[in-house]
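Atom set for the values below is all heavy atoms of this structure, side chains included, hydrogens, waters and symmetry mates excluded. Numbers restart at 1 for each chain; the letters A, B, ... are given by sequence-line order, proteins then strands.
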There are 2 protein chains.
Amino acid sequence: MMSLTIDHIKKAGERLKGVAIKTPLATNHYLNELLSARVYLKLESMQHIGAFKFRGAYNRLCQLDSEERKRGVVAFSSGNHAQGIALAARMLNIDATIVMPSDAPKLKLEGTLRLGAKVIEYDRATESREGIASQLAESAGSTLVPAFEDYSIMAGQGTIGLEIFEQINTSQEKLDVLLAPCGGGGLLAGASTAVKSLTPKTQIFGVEQEGYDDHLLSKRAGSRVKIVEGKPTMCDALMATMPGKMTWSINSKTVDDFLTVSEDEIAHAVSFAFLRLKLVVEPGGVVALAALLEKKIDVVGKTVAIVVSGGNIDNKTFKYCLEKFPNPS
Amino acid sequence: MMSLTIDHIKKAGERLKGVAIKTPLATNHYLNELLSARVYLKLESMQHIGAFKFRGAYNRLCQLDSEERKRGVVAFSSGNHAQGIALAARMLNIDATIVMPSDAPKLKLEGTLRLGAKVIEYDRATESREGIASQLAESAGSTLVPAFEDYSIMAGQGTIGLEIFEQINTSQEKLDVLLAPCGGGGLLAGASTAVKSLTPKTQIFGVEQEGYDDHLLSKRAGSRVKIVEGKPTMCDALMATMPGKMTWSINSKTVDDFLTVSEDEIAHAVSFAFLRLKLVVEPGGVVALAALLEKKIDVVGKTVAIVVSGGNIDNKTFKYCLEKFPNPS
């Protein structure tokens, strides 16, 4: 596969049928009134492992041949990709080894272990996860599965775009705007390819947290920009510091623009999702909702879909958000 | 209407189409593995106002004639029925007055006010809400809308049963067991009527919290039993002390048995729903899940649907549950 097309995504959809959860597309009266818009929330927080990453992982792993399956897979991830690979591997009877930072959220670490993967921890400050993972893969002859720089991974995530279309019933209602969180850009590349192919006029926005706005800066610069990591963030799922080469080759064309939200805006959105939507969302999963609540773009009168990409939030972080914004609106 | 039939429920379904949210029927990998069953969760926490009560309220109010609409409606409720009536009334341009206990959850009180209803508070210990509400209705000539003793209300709640069937795809999978929370019995009467009509072999259970097991006691006694209220409970939505006369005339025939869960079991289920299902549920809304988690009935190998009836939980109660059971499983 030398590019990503709607056909790849449709094929991924067939592979995931009956395997991934066709997650709910929710609407909420309060939110619609607040924004004077029709907002649909694609709840990947309710996907297996509590995040969309299972889609790409399964789509990638199920295409390995029997020889490759025997030799196992290796991945590196702070948590959601790790759990996605771990579950897909278990379903397909493949050994999985995951390289995870030692400061990964406990919930994600435990989830990965519970799913039967072998976890190797590394120090985010001093060690290279890519180096550790490559070495592991090479010595065991196993397949290294990247989190986003892989067309099969992107195609799997892109099935979210297909499902949104199916669920909105676009014969009756046209999708004006799509917003999705943006870390490495895999979800966005998949979803934007699907959506731009189905309705080219839909405006697409990627959303990043402050201090990690490498996609926004790349868009402005006209080529990939690497930022300096350092700023603490609640969004462990969105800590990539540079757009992927492959994802950027797509997103630079399919994504209309990028938006940035602050840590406080994210904490507020977590509390809003709790109180108003009855949803548990993780910081990295709620950035698109935060962008809407903060009116970063004008959506009045429009039909808007947002991807709520994950719900794996620790007890402590959740309580912090609820205490900081006890009465969100 | 002198009884409740599947036809009444189907008609209610037509009235609610495009008005109520067709709430998601969720499944979860972790839960299914834990229980060795296929469990479907009907998420009424994601209904308008965060609870199923909107269904019955709208089905009742939309049948008022123009004269009745002009004279307004009166209801009494600790919160979810209040909000359901308030929203339905606003949609239909009807004035609503709600009699609420002064100790009703703040979230529910604010929600009712925000929806434009007039709220009259009373003291649960010394005043009769029925008396206050009747007097109000009489003096203004308005319609008193009960929370469950009304066939149109029950028919509205029963649409949950219809939707579960549609969503499970029962042509391929038969529903073995249905569990629903049981306060006054309106939800259960509606849902059980729908389900027993569609698949008479489905076993149906109502779930109550300890100290409020009036349905269980009535089942054992063979007639309606009133219990003495007093025990503190987190389940403000399930504080009825006696089955309704009308609801019991149905539930005594359609419901196979009743189960009881403790306050700790409920708190654990709230935390489980947070951590494992990424759902915000209120104590009274999660009793059916609690009954499953505590293995009050054997569901191994079965297809089970549970109604998660509401998500209107206060910040404080939610934090209590998460702190009491930080690592639920």
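- Using a 4.5 Å cut-off between heavy atoms, L43(B) touches chain A through its side chain atoms alone.
- The stretch residues 273-284 of chain A places F274(A), L275(A), R276(A), L277(A), K278(A), L279(A), V280(A) near chain B, each with some heavy atom under 4.5 Å from a heavy atom of that chain.
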### Message
Pair M91(A), H29(B) - check side chain to side chain contact (heavy atoms under 4.5 Å, CB included), show working.
### Response
CA-CA 12 Å; M91(A) 284 179 171; H29(B) 189 259; 4.1 Å; yes
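- Residue D176(A) places its CG atom among more than 12 non-hydrogen atoms of other residues, nucleotides or ligands, all under 6.0 Å distant.
- Other residues, nucleotides and ligands contribute only 12 or fewer heavy atoms inside 6.0 Å of the NZ atom of K118(A).
- Residues of residues 300-312 of chain B having a heavy atom under 4.5 Å from any heavy atom of chain A, listed by number: G311(B), N312(B).
- Using a 4.5 Å cut-off between heavy atoms, E33(B) contacts chain A through its side chain alone, with no backbone atom that close.
- Looking at I21(A), the atoms closer than 4.5 Å to chain B (heavy atoms on both sides) all sit in the side chain, from C-beta outward.
- Distance check, rounded to the nearest 0.5 Å: CG of N327(B) to CG of N315(A) gives 9.0 Å.
- The number of heavy atoms from other shown groups lying within 6.0 Å of NZ (K295(A)) is above 12.
- Proximity to chain B is absent for every atom of I49(A), based on heavy atoms less than 4.5 angstrom apart.
- For the atom pair T27(B) OG1 and H48(A) NE2, the distance stands at 6.5 Å (nearest 0.5 Å).
- Residue with the most contacts toward chain A among L107(B), T23(B), D314(B), L25(B): L107(B) (heavy-atom pairs, distance under 4.5 Å).
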